[in-house]
Amino acid sequence: MSEQMQNLPIAKPWIGEPEAEAAKRAIMSGWVTQGPEVAEFEQEFAAYVGANYACAVSNCTTALHLALLAVGVQPHDEVITVSHSYIATANSIRYCGAIPVFIDIEPQTYNINPVLIEDGISDSLRDSSASRTRAILVVHQMGMPCDLKAILDIAHRYNLPVIEDAACAIGSEILWDGKWEKIGKPHGDIACFSFHPRKVITTGDGGMIITNNSEWDQKFRLWRQHGMSIPDTVRHGAKQVIFESYPILGYNYRMTDIQAAVGREQLKRLPEIVERRRYLAERYYHKLADIPGLKLPTEPAWAKSNWQSYCVRLPDSCNQRQVMQVMLDAGVATRRGIMCAHPEPAYQMENGLYGGDRLTESEQAQDQSIILPLFHQMSEQEQDRVVEILKRVCLV
Ligand SMILES: *Cc1c(COP(=O)(O)O)cnc(C)c1O
């Protein structure tokens, strides 16, 4: 490797002075945990996605946990979801004592196959045990909107709430009644976002719960702060002594004001980030199109991805690990495609329950796809390097 050939990372947050200044502002104010910056970030985020309410929390996993609790998921309930997602999706269901029922994906979009959802529902209804389907938790995988129209159609027929795991999908759009709308409006009942550094914007760690249901939003606010009846910001500013109470069992799922201050700056960069990612994704598409057997991701006509990850399916003749190693040796980091939850040890015990025998597309996507570097600051030359190396590997 020549000296000026820097290793190319898989992702890199676009973050700098404005965020550092914002964090400083929060720190110097003396109020560092959930406070005024969180409140501002929530308003700005709600306005961005076009929703009534946004509630900031510690990360997307805790967001999903609270979303499931809000729609009434209880121990032994079943929740329809995908195994082919970051493991936090399925884990959040198990935090409720509930059982994830895994549905296979569509190979082109890596998203839940709506045609298979009804099987998951009727299975559980036929089940003689007390368990039953209580909700559908769908994922906009790697930023690609899932087929919400078809999913909501089924959900309405069975009167099931729909939660959107939009961890990766900030800035993605879906065509809704002839208009492009942001993912997270929400189109289902609740949408949850992540601000982990691997996502499109970051607060270090952080999450956001979006809904148009004020009752749920009120619950989120109680739950995230220990179930405390009066937030400490209110007590802090009060002229009279106030005693708080704890009407419900809560959690500590707060976002700090330092994180929120950073998030507000990141939100300003978001349109530019999405534009750049879409440009680079399209460029990948044109440059990689002529590799025989390589399958590239494409958007359905009704979807615009933020391309949180650019995931390609390798030709059958390629070995995933070998390809990744050769690319790493050439200074290009890749990741394997999204891992399935169901083969993991944490999910082995009750594998049967999770429907792991019907997840062939999910397993193939895990074993045959890799994620290529894609980030805001990536230059076209850097992208060309990825293309050139991948071409070389695939054509041998
Ligand atoms: C990253 C991710 C999560 C978890 O988000 P955190 O903010 O790290 O908790 C959940 N679901 C999906 C699909 C993700 O990609």
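From a predicted model like this one, the values you see are computed outputs, not experimental measurements. Whatever order the structure lists them in is the order used to number ligands and atoms, beginning at 1. Just so you know, these numbers use all the heavy atoms, side chains as well, and skip hydrogens, waters and symmetry mates.
- Residue Val139 approaches ligand 1 through these ligand atoms, each under 4.0 Å from one of its heavy atoms: 13 (C).
- Looking at Glu44 and Arg264, a side-chain N of the basic residue comes within less than 4.0 Å of a carboxylate O on the acidic one, giving a salt bridge.
- Any N or O atom pair closer than 3.5 Å counts here, and Ser194 shares at least one such pair with ligand 1.
- When only non-hydrogen protein atoms are considered, atom 14 (C) of ligand 1 lies nearest to Lys199 NZ, 3.1 Å.
- Regarding atom 10 (C) of ligand 1, its nearest protein heavy-atom neighbour is Asp165 OD2, 3.6 Å.
- When side chains are defined from C-beta on, Asn213 does not count as touching Tyr53, because their heavy atoms never get closer than 4.5 Å.
- Between Ala63, Ala90, Ala167, Ser58, it is Ala167 that holds the heavy atom closest to atom 12 (C) of ligand 1.
- Between Gln34 and the options Arg254, Arg224, Arg221, a side-chain hydrogen bond (donor to acceptor under 3.5 Å, both in side chains) holds for only Arg224.
- For a threshold of 3.5 Å applied to N or O pairs, the pair formed by Tyr86 and ligand 1 contains no separation below that value.
- Applying the 4.0 Å criterion to heavy atoms of Ser85 picks out, from ligand 1, the atoms 13 (C).
- A cation-pi arrangement is absent between Lys182 and Trp176 under the rule of less than 6.0 angstrom and at most 45 degrees off the ring axis.
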Report all side-chain donor-acceptor pairs from residues 288-296 shorter than 3.5 Å, counting only partners two or more places apart or in another chain.
none

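- When side chains are defined from C-beta on, Tyr86 does not count as touching Asp165, because their heavy atoms never get closer than 4.5 Å.
- Close approach to Cys168 involves these atoms of ligand 1, each under 4.0 Å from a residue heavy atom: 15 (O).
- The side-chain contact (heavy atoms from CB on, under 4.5 Å) search around Trp180 returns Glu173, Leu175, Lys304, not counting sequence neighbours.
- Arg278 has its side chain out of reach of Asn306: every pair of non-hydrogen atoms, C-beta onward, lies at least 4.5 Å apart.
- Considering backbone and side-chain atoms together, Gln141 places no N or O closer than 3.5 Å to any N or O of ligand 1.
- Note: an N/O pair closer than 3.5 Å links Thr61 and ligand 1 by distance alone.
- Not a single heavy atom of Gly207 sits under 4.0 Å from any atom of ligand 1.
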